[in-house]
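Taking it in order: structure first as structure tokens, then the write-up.
Quick note on labels: first sequence line is chain A, next is B, and so on, each numbered from 1.
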There are 2 protein chains.
Amino acid sequence: MYDILRKYIDRVTSAVITDEEFVYIEQAFDVRKVKRKQFLLHEGSVCRYMSFIASGAMRQYSIDNSGNEHITTLALEGWWISDRGSFYNVTPSRYNIDAVEDSTLLVANLERINLLKEQSLTFLKMAHILDQNHSIAAQKRIEASVSYSAEEKYNYLVQAHPEFFNRFPQSMLASYLGLTPETMSRVRKQVLSR
Amino acid sequence: MYDILRKYIDRVTSAVITDEEFVYIEQAFDVRKVKRKQFLLHEGSVCRYMSFIASGAMRQYSIDNSGNEHITTLALEGWWISDRGSFYNVTPSRYNIDAVEDSTLLVANLERINLLKEQSLTFLKMAHILDQNHSIAAQKRIEASVSYSAEEKYNYLVQAHPEFFNRFPQSMLASYLGLTPETMSRVRKQVLSR
DNA sequence: AAATGCAGTTGATCCAGATCAATTGATTTA
DNA sequence: TAAATCAATTGATCTGGATCAACTGCATTT
């Protein structure tokens with residue numbers, strides 16, 4: 001169960017973590033299973049966990065003033081999911097996180113994460129790289145959302161995350177791209193016909 | 001000159017850095033002055049520096065397929081500016097960075113930054129917090145760009161960064177919000193008349 | 001002080017994508 | 001296995017914000 005996390009850490013830090021160091025990490029995280037449609041975080045409450053997805057699929061979304069859902073994150077096994085802002089600043093979240101498939105998570109609360117960063121330099125580095133990657137990815141999404149047309153957004157997703165198409169319903173992909181399901185359907189038809 | 005950086009580090013790490021440790025930081029950064037309209041980074045080249053703005057105002061923007069400018073970042077003294085993706089992965093950037101006002105920067109290249117992270121744990125922590133904050137802010141901008149109307153975007157900027165209105169021309173603020181200058185002007189008129 | 005050129009405003013028109021609505025097919029639940 | 005959701009498609013219509021265009025200061029240059 002913890003293997004996939006260990007491999008993840010080795011990969012992103014470009015190193016091989018020692019058994020002694022990994023013990024700290026193993027101790028910090030609890031295994032938690034969530035069923036499809038079960039919530040990990042509700043809007044208005046504080047995001048208490050940093051979660052590593054060992055298996056399954058999760059999504060994070062907000063609801064705007066007009067009641068429309070906007071998916072901000074789609075995540076599969078081997079990815080992290082958490083509302084960083086809420087988690088680190090211990091403030092109420094504006095997001096919901098729920099399971100798109102039955103999933104197994106490795107979860108740790110803020111105290112454990114902070115302790116772990118003191119105990120394991122490798123983990124600190126991993127957390128740092130994780131945030132770097134997250135902020136780089138966020139930058140790209142901002143750019144995509146302001147400068148791409150619906151069709152360009154669709155094409156971007158096809159090449160950036162082709163695996164999403166087998167794991168998430170098309171309407172969720174639409175929301176993730178900032179499109180309506182109808183527009184997504186039309187764009188898809190358009191693109192496939194070429 | 002380095003004072004503002006020192007205060008910044010103290011503030012974000014909630015600690016007071018020692019003189020010995022700060023020596024490393026001082027040594028890593030060079031002072032660089034840029035004139036208004038001068039470029040720090042051109043699209044297509046690698047972003048070689050992580051820059052702390054000691055004084056002045058900078059912007060980062062990309063140019064889309066239709067030739068339109070999209071400002072992704074506006075930054076004032078006490079902020080960092082850099083294309084993280086290009087900087088850390090040493091890949092060509094799709095962004096331009098130039099000075100909106102004559103500015104004084106403290107710049108360090110990747111080698112120096114990496115060395116500094118080994119030498120100074122405080123700096124490593126700062127870099128980590130910096131990336132955290134950046135990714136939290138990026139998350140908010142993504143949300144704003146997909147779920148806010150033009151007027152809501154304008155109001156968001158007024159409350160989030162009122163200081164921008166005295167430092168950047170309105171057309172740049174429009175681009176930063178993903179609006180045209182004409183729409184920005186109309187929204188402004190609309191909002192002020194209430 | 002004339003000339004040039006931006007930044008901002010205002011008006012008229014246009015369009016990409018949203019919204020509303022109906023239909024079909026697939027999946028979940030009872 | 002029937003009923004009830006839900007996902008996806010397709011068509012018709014609408015609209016927020018973009019685009020195009022003309023005009024008005026300011027500010028910079030000569």
With sequence neighbours left out, what residues match B:Arg32 under side-chain hydrogen bond (donor to acceptor under 3.5 Å, both in side chains)?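 Listed in chain order: nothing, the list is empty.
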Any B:Lys189 side-chain N or O less than 4.0 Å from OP1/OP2 of C:dT9: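 So the side-chain polar atoms of B:Lys189 never come under 4.0 Å of the phosphate oxygens OP1 or OP2 of C:dT9.
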Any B:Ser171 side-chain N or O less than 4.0 Å from OP1/OP2 of C:dC6: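 So the side-chain polar atoms of B:Ser171 never come under 4.0 Å of the phosphate oxygens OP1 or OP2 of C:dC6.
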Ring-face cation contact, A:Tyr176 with A:Arg141, 6.0 Å cut, 45° max: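 Yes, cation above the ring, under 6.0 Å and within 45°.
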Does the cation-pi check pass for B:Arg59 over B:Tyr61, that is, NZ or CZ under 6.0 Å from the six-membered ring centre and within 45° of its axis?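 Positive - B:Arg59 is close enough to the ring of B:Tyr61 and near enough to its axis.
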Report the end-to-end axis angle of the helix from C:dA1-D:dT30 to C:dA30-D:dT1; each axis comes from five terminal pairs, and the value is rounded to 10°.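 End axes: 60° apart.
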Whole-Å gap separating P (C:dC6) and CE (B:Met172):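 It works out to 13 Å between those atoms.
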Nearest whole Å is fine: how far is C:dC6 P from B:Gln170 CD?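 About 18 Å, once rounded to whole Å.
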Starting at the 5' end of nucleotides 13-30 of chain C, put B wherever the base has a protein heavy atom under 4.0 Å, S where only the sugar-phosphate does, and a dash everywhere else. ----SSBBB---------
In Å and rounded to the nearest 0.5 Å, what is the OG to CD distance from A:Ser171 to A:Glu182?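 A:Ser171 OG to A:Glu182 CD: 10.5 Å, rounded to 0.5 Å.
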Hey, what do you get for CG (B:Leu105) to CH2 (B:Trp80), rounding to the nearest 0.5 Å?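 Going from CG on B:Leu105 over to CH2 on B:Trp80, the span is 10.5 Å.
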Below 30° counts as parallel, above 60° as perpendicular, anything between as tilted: where do the rings of A:Phe165 and A:Tyr154 land?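 Perpendicular: the ring planes of A:Phe165 and A:Tyr154 meet at over 60°.
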Set of salt bridge (charged side-chain N to carboxylate O under 4.0 Å, His left out) partners for A:Asp64, sequence neighbours left out: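 For A:Asp64 there are no salt bridge (charged side-chain N to carboxylate O under 4.0 Å, His left out) partners, ignoring immediate neighbours.
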Using a distance-only test with no angle check, is there a side-chain donor-acceptor pair under 3.5 angstrom linking B:Glu143 and A:Tyr95?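 Yes, because at least one side-chain N or O of B:Glu143 sits under 3.5 Å from a partner of the opposite role on A:Tyr95.
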Which residues in residues 154-169 of chain B have at least one heavy atom lying under 4.0 Å from any atom of DNA chain D?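 Close to the strand, none.
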Is it the case that atom OH in B:Tyr24 sees more than 12 heavy atoms from other parts of the structure closer than 6.0 Å?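 No, the 6.0 Å shell around OH holds no more than 12 heavy atoms from other groups.
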When the side chains of residues 39-54 of chain A are checked against the rest of the protein, which donor-acceptor pairs come out under 3.5 Å, sequence neighbours left out?
residue: A:Ser45; atom: OG; partner: A:His42; partner atom: O; Å: 2.7

